[in-house]
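Report on one structure; see the data block that follows.
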Amino acid sequence: MEDLKVLKTIDEIRTFSDPYRLQILQQFQSFGVPATVKQVADRMKEVPANVYYHVKKMEKADILKLVYTKNINGIIAKFYEPSAAKFDIGVENAKEPAKKLLYTEAQKTVS
């Protein structure tokens, strides 16, 4: 796991800025070890399919990463963890219209 991941693309920032996904990310962080979607869903009292959908989006944006798989009674369990301990939004090298959009997306997260 990296110490810091800088989110640079609009897709990464949009994925990260979703409040439900932030809750999922916080649950993965709270485990302190790689966890399955089922473990996170149970802790959140949510349906695993809902959590899985968002985990796949976060995996695609490299916010979560698949660490390992394990065969448990014939079922392949996938264990994920955050790709970094902290996330930051980086816009230093972005062109002005992109900066404006990135800041707008970031503000939505804080609001």
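For residues 41-77, the ring-ring contact (aromatic ring centres under 6.0 Å, His included) pairs, not counting sequence neighbours, are Tyr20-His54, Tyr68-Phe79. Identified under the side-chain hydrogen bond (donor to acceptor under 3.5 Å, both in side chains) test for residues 72-86, with sequence neighbours left out: none. Screening residues 46-55 for salt bridge (charged side-chain N to carboxylate O under 4.0 Å, His left out) gives no qualifying pairs among residues at least two apart or on separate chains.
Under a cut-off of 6.0 angstrom, the local environment of CG in Asn71 is crowded, with over 12 non-hydrogen atoms contributed by other residues, nucleotides or ligands.
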Name the atoms and distances for all side-chain donor-acceptor pairs under 3.5 Å in residues 58-65, with sequence neighbours left out.
{"unit_1": "Glu59", "atom_1": "OE1", "unit_2": "Lys56", "atom_2": "NZ", "d": "2.7"}

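Listed by chain and number, the residues in a side-chain contact (heavy atoms from CB on, under 4.5 Å) with Ile75 amount to none (sequence neighbours excluded). With sequence neighbours excluded, the residues satisfying side chain to side chain donor-acceptor pair (under 3.5 Å) with Gln39 are Thr36. Not counting sequence neighbours, Val33 has no partner by the side-chain contact (heavy atoms from CB on, under 4.5 Å) test. Remark: Asp42 engages Lys38 in a side chain to side chain donor-acceptor pair (under 3.5 Å) (not counting sequence neighbours).
In terms of hydrophobic clustering, with Ile, Leu, Val, Met, Phe, Trp and Tyr side chains grouped at heavy-atom distances under 4.5 Å, Leu66 and Ile24 are assigned to a common cluster.
Taken to the nearest 0.5 Å, the CZ atom of Arg43 stands 13.5 Å off from the CD atom of Gln23. Within the model, atoms OG1 of Thr9 and CD1 of Ile89 stand 11.0 Å from one another, a figure rounded to the nearest 0.5 Å. Atom CD1 of residue Ile10 and atom OG1 of residue Thr15 lie 11.5 Å apart, to the nearest 0.5 angstrom.
Contact check for Gln29 versus Leu25: side-chain heavy atoms found under the 4.5 Å cut-off.
Between Val37 and Pro48, the shortest heavy-atom distance links the atoms CG1-O, 3.6 Å. Listed here is the closest heavy atom pair of Val40 and Ala35: CG2-CB, 4.5 Å.
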